[in-house]
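Basis for what follows: all heavy atoms, side chains included, without hydrogens, waters or symmetry-related copies.
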Amino acid sequence: MGGIGKTTLAETVFHRLSSKFEASCFLKNVREKSEQLDGIDCLQKKLLSEIFKEEGLSIGSTAIRNRLSRTKVLIVLDDVSCPMQIQHLAGDLLGFGNGSRIIITSRDRGTLRQTIKEDNIYKVKVLKPNDALQLFCSHAFKNNTTRRTDYEELAKKTVDYARGVPLALTVLGSLFFNCRSKEDWEDEFNKLKQSPSEDIQKVLRISYDRLGKYEKDIFLDIACFHKGKMVNEVKRMLDVRGFFVTAGIRILSDMSLISIYSNKLGWEVIEMHDLLQEMGRTIVQEQYFKDPSKRNRLFTNEDVYRVLKSDTETPNIEVIFIGWHKSEERPLMKRANFKLMPNLIMLRVYNSLFFDCKFTASLDLPDSLRYLYWWGYPLESLPSNFSPENLVELHMPYSKVKKIWKEDQVYYMSILILV
């Protein structure tokens, strides 16, 4: 995960220990520089120049390699993105002297695992609450202790939003430093929730941009719909979408874009940092910011309501999750024409209170559906014009359904739950 403090931690260790070695070199931004023309060659030359304090040296020289083999060095390779970079800058061919140490930072555990033993890989954790508050306040208030006391509750709320990510705490601290009143602070914070900081998003997005097509889709689905759910359930739903689930979840986990932990019942659950979830949802919303009908995922009740109310064809939409609650005040839907979404694969309705439960012929479903979950389904049967030939899973707990489809229709599904 970007912004977690890998480079800062490596720099601290480097400055503390470098005096104990005969030579040292800190190579920053290896990923970015290696992508440039002759990038690896330039990095190798910089490495030799830093170690021997000489210019024009070549890694291919036998004399240089002999000198390296007799030199105790400390080397940091910062932000490595592929094993080739490690091999060219710190591989066996370079043969550094006894006692040498190499520190590597990367966003991708999979990259490290190919050349480094698992026991030698350390995952940087987010800051503890007190440390996070201290870092934020050092940027938001500088040395103004009086202002820090007056704004303590607002500061804690902002720190909670950052969830221990040092980059976010630093950026937000500098942002709120310019606020001149509590009202100004509140306004800036509310704006932040609506439109996340571009400086934070830019760093976080580097990991997302490096993903393959299927991994990007899996990441966005988890960000929009599946955070906090059991791994087996998420895998099933992603499989319905046609993704390569097992490999995708492994890659996302290796890149720290998701994490998997066991809850109190021993079930594995998928978790995602709030800032990463916010980034994923922003990516989806920015597809067509003002027109949700043109996006491929709908996950907010307001967007779903707008699209259904427009009653126009929306071929881009593939997944909808709805979770209306009694507290939300809007007119009850007397018509829900999902058939206008010919590519809708997955529909999950958590509460039917936004539908008029007395309607009898105003629901239409597209034949493209593979997954349907409808809590409290308000009709006694599925729409007569719906052909569930593509349906893989059907869940209708607490529904009014008495007959799913006509007697002469037979369909096979992986999972069917009606209670």
Side-chain angles (χ1 to χ4, degrees), residues 1-5 8 125-206 208 223-224 227-228 271-292 295 297-307 309 321-331 354:
M1 178 179 176
I4 199 70
T8 302
K125 299 178 176 63
V126 297
L127 294 178
K128 296 178 180 178
N130 288 340
D131 295 332
L133 181 62
Q134 183 177 349
L135 176 61
F136 172 79
C137 290
S138 68
H139 290 274
F141 306 123
K142 306 299 182 183
N143 297 320
N144 191 334
T145 54
T146 302
R147 191 165 184 262
R148 175 172 175 170
T149 302
D150 293 341
Y151 284 65
E152 185 176 2
E153 291 305 315
L154 290 171
K156 287 181 179 179
K157 185 165 67 170
T158 309
V159 169
D160 185 59
Y161 168 83
R163 288 288 189 264
V165 176
L167 169 74
L169 292 162
T170 302
V171 171
L172 296 179
S174 299
L175 174 68
F176 285 98
F177 174 75
N178 295 314
C179 292
R180 303 196 175 183
S181 67
K182 291 184 179 181
E183 290 77 15
D184 190 7
W185 187 304
E186 288 279 11
D187 193 52
E188 195 69 54
F189 184 74
N190 291 331
K191 184 175 71 174
L192 183 69
K193 289 191 292 184
Q194 292 292 323
S195 179
S197 165
E198 291 184 6
D199 290 334
I200 298 173
Q201 296 280 304
K202 183 168 65 175
V203 174
L204 295 177
R205 181 143 182 173
I206 292 173
Y208 170 81
C224 292
K227 176 184 172 181
E271 195 50 80
M272 176 182 284
H273 194 281
D274 288 353
L275 293 179
L276 289 171
Q277 182 186 37
E278 184 178 60
M279 178 192 72
R281 292 187 165 197
T282 299
I283 289 171
V284 171
Q285 290 174 323
E286 286 180 346
Q287 291 172 348
Y288 292 94
F289 189 75
K290 294 185 177 181
D291 189 355
R295 302 174 197 156
R297 297 168 177 85
L298 296 182
F299 54 87
T300 71
N301 299 338
E302 190 61 42
D303 287 342
V304 174
Y305 185 80
R306 283 178 58 192
V307 172
K309 188 177 179 181
F321 275 43
I322 311 170
W324 245 274
H325 301 286
K326 290 181 180 179
S327 60
E328 300 190 49
E329 296 182 1
R330 54 170 54 81
F354 68 104

Open item on the list: Before you tell me yes or no, could you show the steps for Asn130 and Lys128 under side chain to side chain contact (heavy atoms under 4.5 Å, CB included), namely the whole-Å CA-CA distance, both residues' side-chain angles and the distance that decides it to 0.1 Å?
Closed with: CA-CA 6 Å; Asn130 288 340; Lys128 296 178 180 178; 5.8 Å; no

Task: Among Asp199, Thr8, Val203, Ile4, the one residue meeting side-chain contact (heavy atoms from CB on, under 4.5 Å) with Leu167 - done: Val203

Open item on the list: If you count heavy atoms of other groups shown closer than 6.0 angstrom to CD of Gln134, is the number above 12?
Closed with: no

Open item on the list: Rounded at 0.5 Å granularity, tell me how far CH2 in Trp185 sits from OG1 in Thr158.
Closed with: 5.0 Å

Open item on the list: Quiz question: by atom type and distance under 3.5 Å, do the side chains of Asp303 and Thr300 form a donor-acceptor pair?
Closed with: yes

- [ ] Please name the pair of heavy atoms, one in Cys224 and one in Arg281, separated by the smallest distance, quoted to 0.1 Å.
- [x] O-NH2, 3.0 Å

Open item on the list: Heavy-atom count check: over 12 atoms from other residues, nucleotides or ligands less than 6.0 Å from Lys142 NZ?
Closed with: yes

Open item on the list: More than 12 heavy atoms of other residues, nucleotides or ligands under 6.0 Å from NZ of Lys157: yes or no?
Closed with: yes

Open item on the list: Strictly distance-based, threshold 3.5 Å: is any side-chain N or O of Ser195 a donor or acceptor partner for the main-chain N or O of Lys191?
Closed with: no

- [ ] Step by step, work out the side chain to side chain contact (heavy atoms under 4.5 Å, CB included) result for Phe176 and Tyr151.
- [x] CA-CA 11 Å; Phe176 285 98; Tyr151 284 65; over 6 Å; no

- [ ] Specify the closest pair of heavy atoms between Val165 and Gly3, including all atoms of both residues, with the distance to one decimal.
- [x] CG1-O, 3.2 Å

Open item on the list: Test side chain to side chain contact (heavy atoms under 4.5 Å, CB included) on Asp131 and Leu135; report intermediate values, then the result.
Closed with: CA-CA 6 Å; Asp131 295 332; Leu135 176 61; over 6 Å; no

- [ ] Rounded to the nearest 0.5 Å, what's the gap from OG on Ser138 to CG on Leu133? Could you check?
- [x] 10.0 Å

Open item on the list: Using the side chain to side chain donor-acceptor pair (under 3.5 Å) definition, which of the options Lys156, Lys193, Glu278 pairs with Tyr161?
Closed with: Glu278

Open item on the list: I need the minimum non-hydrogen distance between Met272 and Lys227, along with the two atoms involved.
Closed with: O-CE, 3.1 Å

Task: Student check: side-chain heavy atoms of Val284 and Phe299 closer than 4.5 Å - done: yes

Task: Distance in Å, Lys182 NZ paired with Asp187 CG, rounded so as to fall on 0.5 Å steps - done: 16.0 Å

TODO: Search all heavy atoms of Leu275 against all heavy atoms of Ala162 and return the closest pair with its distance.
DONE: CD1-O, 3.7 Å

Task: Sub-4.5 Å side-chain heavy-atom contact between Leu172 and Phe136 - done: yes

Task: Polar contact flag, side-chain donor to acceptor under 3.5 angstrom, Tyr208-Gln201 - done: no

Task: Leu192 vs Glu188 side-chain heavy atoms within contact, under 4.5 Å - done: no

Open item on the list: Would you compute the distance between atom CZ of Arg163 and atom CG of Leu276 and round it to the nearest 0.5 angstrom?
Closed with: 12.5 Å

Open item on the list: When you compare the side chain of Val171 with that of Leu175, does any pair of heavy atoms fall below 4.5 Å?
Closed with: no

TODO: Rounded to the nearest 0.5 Å, what's the gap from CD on Glu186 to CG on Leu154? Could you check?
DONE: 5.0 Å

- [ ] Would you check, one step at a time, whether the test side chain to side chain contact (heavy atoms under 4.5 Å, CB included) holds for Ile200 with Met279?
- [x] CA-CA 9 Å; Ile200 298 173; Met279 178 192 72; over 6 Å; no

TODO: Taking all heavy atoms of Cys179 and all of Asp184, pick out the closest pair and write down the distance.
DONE: CA-OD2, 3.3 Å

Task: Leu169 to Gly164 - nearest heavy-atom pair and separation - done: CD1-C, 4.1 Å

